[in-house]
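Working notes, beginning with the structure itself.
Everything quoted here is computed from the prediction, not taken from an experiment. Numbering of ligands and ligand atoms starts at 1, following listing order.
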Amino acid sequence: MIIVALDPPPHADPREWCSKIVSSVAGHPSLAGVKIGLPAIVSQGLGWVKGVLEAVEGLRVADLKLADIGAIMRIVIERLASAGFDAVIMHAFVGDEGALDEAVDWCRAHGVKAIAVVSMSHPGSAKFIDKHTKEMVEMCRRLGVWGFVAPATRPSMIKLVRDLAPDSRILSPGVGAQGATPGQALCAGADYEIVGRAITRAEDPRKALEEMAKLQREALQKCRVDT
Ligand code: BMP
């Protein structure tokens with residue numbers, strides 16, 4: 001399953017660009033949802049997002065990678081939920097007391113899926129974040145987060161998260177433009193692969209999504225046979 005990351009490039013009109021991609025991929029059976037983050041929201045605010053989100057079925061993920069005190073995260077999450085998002089990504093490294101505990105409690109009380117970043121797809125993640133992935137997953141499970149972000153570029157990190165959190169969702173970015181091949185993260189235990197440029201910059205995004213989904217299915221068949 002694929003979550004499409006809607007990150008408009010610098011010279012595009014973000015609203016037009018997002019609408020075009022969404023109308024291309026909407027309704028595809030392998031589309032599990034969309035993710036909208038800072039590139040679109042910083043330039044356009046939140047007012048326009050609802051229309052885009054209403055055009056897709058599945059997860060509507062706000063990716064601001066929140067990392068603040070709980071009181072501020074709650075205000076932001078409330079605004080994101082009002083704009084139509086049903087899942088919110090936040091950094092686990094801020095810790096629980098006075099930060100994640102309040103944010104995750106608010107999410108649980110209001111039906112918003114809290115997703116915690118516990119490892120990232122770029123190599124620099126190894127420097128600090130990855131050294132604490134295990135503790136962060138354990139803390140987030142105690143808080144009751146819905147899911148985790150773990151990198152498709154390093155399947156060993158996905159396996160670690162899957163072992164520690166067998167019932168949580170894992171969302172894995174890094175497929176395509178960052179080098180991971182479709183299906184690699186699913187084979188390691190992820191539930192969704194997040195794909196941006198490999199789909200959104202393709203001439204025909206729906207065709208690119210279809211091709212990715214086919215490669216995912218093939219990889220899954222192969223890894224299931226191998227195990
Ligand atoms: P792309 O497939 O174009 O590389 O986009 C990846 C998307 O996933 C981007 O929206 C990025 O912000 C996000 N992402 C990531 O690449 N690595 C992470 O560790 C966490 C992310 O959210």
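Residue contact annotation: Lys65 has a non-hydrogen atom under 4.0 Å from ligand 1. Ligand 1 has Lys35 within reach: a non-hydrogen atom of the residue lies less than 4.0 Å from it.
Of the protein's non-hydrogen atoms, Pro173 CB, 3.4 Å is the one closest to atom 8 (O) of ligand 1. When only non-hydrogen protein atoms are considered, atom 16 (O) of ligand 1 lies nearest to Gln178 NE2, 2.8 Å. Of the protein's heavy atoms, Ser121 OG, 2.7 Å lies nearest to atom 17 (N) of ligand 1. At the top of the distance list for atom 9 (C) of ligand 1, counting protein heavy atoms only, stands Asp7 OD2, 3.3 Å. Nearest to atom 2 (O) of ligand 1 among the protein's heavy atoms is Gly196 N, 2.8 Å.
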Might you work through the side-chain contact (heavy atoms from CB on, under 4.5 Å) test for Arg154 and Ser125, ending with a clear yes or no? CA-CA 10 Å; Arg154 285 197 307 292; Ser125 181; 3.5 Å; yes
From CA spacing to verdict: salt bridge (Lys or Arg N to Asp or Glu O under 4.0 Å), Arg169, Asp191: CA-CA 6 Å; Arg169 305 297 193 289; Asp191 299 284; 5.3 Å; no
Go through Lys214 and Glu218 one step at a time and tell me if the salt bridge (Lys or Arg N to Asp or Glu O under 4.0 Å) criterion holds. CA-CA 6 Å; Lys214 182 167 161 270; Glu218 288 169 3; 3.6 Å; yes
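Of all non-hydrogen atoms in Ala185 and Glu193, the two that sit nearest each other are N-OE2, 3.1 Å. Heavy-atom minimum distance, Ser119 versus Met157: OG-CG, 3.6 Å.
Atoms of ligand 1 lying under 4.0 Å from at least one heavy atom of Met120, given by number and element, are 18 (C), 19 (O). Listed by number with element, the atoms of ligand 1 under 4.0 angstrom from any heavy atom of Arg197 are 1 (P), 2 (O), 3 (O), 4 (O). In summary, the atoms of ligand 1 found under 4.0 Å from a heavy atom of Asp63, numbered by their order in the structure, are 12 (O), 22 (O). Numbered from 1 in the order shown, with element, the atoms of ligand 1 that lie under 4.0 Å from a heavy atom of Ala5 read 7 (C), 10 (O).
With hydrogens and angles left out, the side-chain atoms of Gln178 and Thr153 include no donor and acceptor closer than 3.5 Å.
Within 6.0 Å of atom CZ in Arg108, 12 or fewer heavy atoms from other residues, nucleotides or ligands are found, so the atom counts as exposed in its surroundings.
Heavy atoms of Val175 found under 4.0 angstrom from ligand 1 belong exclusively to the backbone.
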Only pairs under 3.5 Å count here: list side-chain donor-acceptor contacts from residues 82-104, not counting sequence neighbours, and write none if there are none.
unit_1 : atom_1 : unit_2 : atom_2 : d
Ser82  : OG     : Glu78  : O      : 2.9
Asp86  : OD1    : Arg60  : N      : 2.9
Asp101 : OD1    : Gly98  : N      : 3.0
Asp101 : OD1    : Ala99  : N      : 3.2
Asp101 : OD2    : Gly98  : N      : 3.3
Glu102 : OE1    : Ala71  : N      : 3.3

